[in-house]
Amino acid sequence: MPVNLDHSPEVVDLARRTAEFVREVVIPAEGEHSGVSAAGGEELRTRLQDAARGAGVFAPHVSPEFGGHGLDMRGRALVFEEAGYSLFGPLALNIAAPDEGNMHMLEAIATPAQKERYLRPLAGGQVRSCFAMTEPAPGAGSDPAALTTRAERVSAGWRIDGRKWFITGADGAAYAICMARTSGEPGTRGGATMFLVDADNPGMKIVRHIDTLDEAFFGGHCEVLFDGCVVPEEAVLGEVDKGFEYAQVRLGPARMTHCMRWLGIARRAQDIAVARAADRRLFGSRLAELGMVQQMIADNEIDLAATRALLREACQELDEGGHGRKSTSIAKTFAAEALHRVVDRAAQMCGGLGVSTELPIARIAREIRPFRIYDGPSEVHRWSIARRAVRELGGNA
Ligand SMILES: Cc1cc2nc3c(=O)[nH]c(=O)nc-3n(C[C@H](O)[C@H](O)[C@H](O)COP(=O)(O)OP(=O)(O)OC[C@H]3O[C@@H](n4cnc5c(N)ncnc54)[C@H](O)[C@@H]3O)c2cc1C
């Protein structure tokens with residue numbers, strides 16, 4: 001597919017202003033805090049978001065009706081990479097996961113009343129949200145069909161029972177979008193439904209924070225219990241039993257926006273390493289003149305450029321109304337692995353400093369590693385890419 005690289009002057013200008021905002025306002029705030037989750041709570045978020053509003057770069061992805069710039073996926077690729085140049089950039093622009101993916105899905109499938117109640121305050125940065133799909137074994141993880149959380153019809157609407165974990169941003173979220181089984185049995189695909197559950201519902205409880213390698217996601221990664229959680233009929237997001245289909249509406253684009261943000265931070269790691277390699281003198285020459293370091297610098301450039309190209313191709317397909325199942329799987333798998341390599345090489349080029357807290361690279365390495373697991377582990381994407389390839393040639397995989 002020929003990739004259309006044209007961007008309107010407005011999008012190019014927004015990307016330029018985002019880069020400037022991140023450099024001048026967001027990066028200086030990084031030094032104040034070791035990680036977003038330990039970063040003085042809502043104070044940092046609201047301060048940076050106010051600044052982003054002032055700079056005219058806030059919420060670039062949502063439609064103007066909800067206070068945004070209405071960027072398509074290709075436009076997002078340009079702007080989100082610039083925002084991702086700092087771990088705090090996506091938070092400042094209100095394009096961090098999981099809120100950004102939730103906004104995308106709410107715009108696509110929520111009713112007008114649900115948009116007013118849930119999307120508008122989320123898009124405006126007044127509240128945060130979470131997306132509750134994954135469950136402890138034997139429940140849903142890599143295989144969504146294993147979904148065990150159930151929702152049954154009751155006189156007041158629906159009653160949800162089940163346990164979720166690794167739910168990013170759950171602590172402090174105003175609501176969860178919870179995926180529950182409404183037909184079929186675990187192991188058969190059957191039907192799932194998405195429910196909007198307010199955080200003050202007595203049937204929804206944050207059980208604990210799960211300690212993970214990363215610490216830059218606001219609200220942590222939590223275990224969440226739905227125990228006799230009754231919600232009204234208006235809490236159903238989209239149609240009953242269509243939850244797996246709607247998950248695709250969220251997951252394809254959300255995978256790509258993760259790639260965009262991580263592309264930005266991996267480029268930052270490379271910039272730091274290249275600057276240091278150009279400066280550091282060893283064995284009578286600059287580090288950047290030694291062949292094995294040149295190879296690391298070049299391999300990083302190749303991985304960054306290839307990630308950007310795959311991302312653009314997948315975004316174009318999504319913008320043109322395609323599902324992008326194959327192209328988003330390819331881009332996600334490549335990006336998660338390539339950007340991990342970029343950051344690892346950047347650390348190597350910086351020697352001891354690369355794994356210290358004197359430079360941001362070690363922190364970036366910690367943050368980026370889990371991306372090879374969430375939004376589909378690499379093995380699941382490879383499995384699906386291979387099955388599709390065989391099917392396309394008339395096989396049965
Ligand atoms: C930091 C972080 C944030 C997360 N945030 C959220 C969130 O906000 N909401 C949410 O619902 N979930 C979230 N998750 C959960 C995430 O989506 C799951 O961890 C992921 O889908 C994998 O599921 P699992 O952990 O149950 O691993 P399992 O399903 O047990 O898989 C374990 C491993 O098996 C291998 N594997 C799986 N399938 C295949 C296959 N077909 N072929 C070969 N090997 C295979 C892979 O290596 C995989 O890593 C998050 C996870 C992390 C780490």
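Ligands are counted one by one from 1 in listed order, and the atoms in each one are counted from 1 as well. Nothing here was measured: the structure is a model prediction, and the numbers come from that model.
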Can you check [atom]: any protein non-hydrogen atom closer than 4.0 Å?
atom	value
atom 17 (O) of ligand 1	yes
atom 25 (O) of ligand 1	no
atom 33 (C) of ligand 1	no
atom 30 (O) of ligand 1	no

Run the salt-bridge test on [X] and [Y] with the 4.0 Å N-O cut-off and return the result as yes or no.
X	Y	answer
Arg163	Asp227	no
Glu313	Lys326	no
Asp50	Arg53	yes
Arg16	Glu82	no

Atoms of ligand 1, numbered as shown, that sit under 4.0 Å from any heavy atom of [X]:
X	value
Ile373	19 (O), 20 (C)
Trp383	41 (N)
Pro377	22 (C), 46 (C), 48 (C), 49 (O)
Val380	37 (C), 38 (N), 39 (C)

Considering only protein heavy atoms, which is closest to [atom], and at what distance to one decimal place?
atom	value
atom 12 (N) of ligand 1	Thr134 OG1, 2.6 Å
atom 22 (C) of ligand 1	Ser142 OG, 3.7 Å
atom 8 (O) of ligand 1	Thr168 N, 3.0 Å
atom 9 (N) of ligand 1	Phe131 O, 2.8 Å

Check each of [options] against [atom] and report the one with the nearest heavy atom.
atom	options	value
atom 53 (C) of ligand 1	Phe217, Phe371, Trp165, Tyr374	Tyr374
atom 46 (C) of ligand 1	Glu215, Glu379, Met133	Glu379
atom 21 (O) of ligand 1	Gly141, Ala146, Pro98	Gly141

For the residue pair His258 and Phe371, categorise the inter-ring angle as parallel (less than 30°), tilted (30 to 60°) or perpendicular (more than 60°).
tilted
State the OG1-CD1 distance between Thr182 and Ile160, to the nearest 0.5 angstrom.
10.0 Å
Do Arg76 and Arg261 have side-chain heavy atoms sitting under 4.5 Å apart?
no
May I ask you to test the Asp161-Phe226 pair for a side-chain heavy-atom distance under 4.5 Å?
no
Between Phe166 and Tyr374, is the ring centroid distance below 6.0 Å?
no
Record the part of Phe166 in heavy-atom contact with ligand 1 below 4.0 Å; permitted values are side chain, backbone, both and neither.
both
How does His221 reach ligand 1, by side chain, by backbone, by both or by neither, if only non-hydrogen atoms under 4.0 Å count?
side chain
With respect to Pro370, determine whether any N or O atom, backbone or side chain, lies less than 3.5 Å from an N or O atom of ligand 1.
no
Is Leu122 linked to Phe80 within one hydrophobic cluster, defined over Ile, Leu, Val, Met, Phe, Trp and Tyr using a side-chain heavy-atom separation of less than 4.5 Å?
no
Report yes or no: do Ile361 and Met349 belong to one cluster of Ile/Leu/Val/Met/Phe/Trp/Tyr joined by side chain heavy-atom distances under 4.5 Å?
no
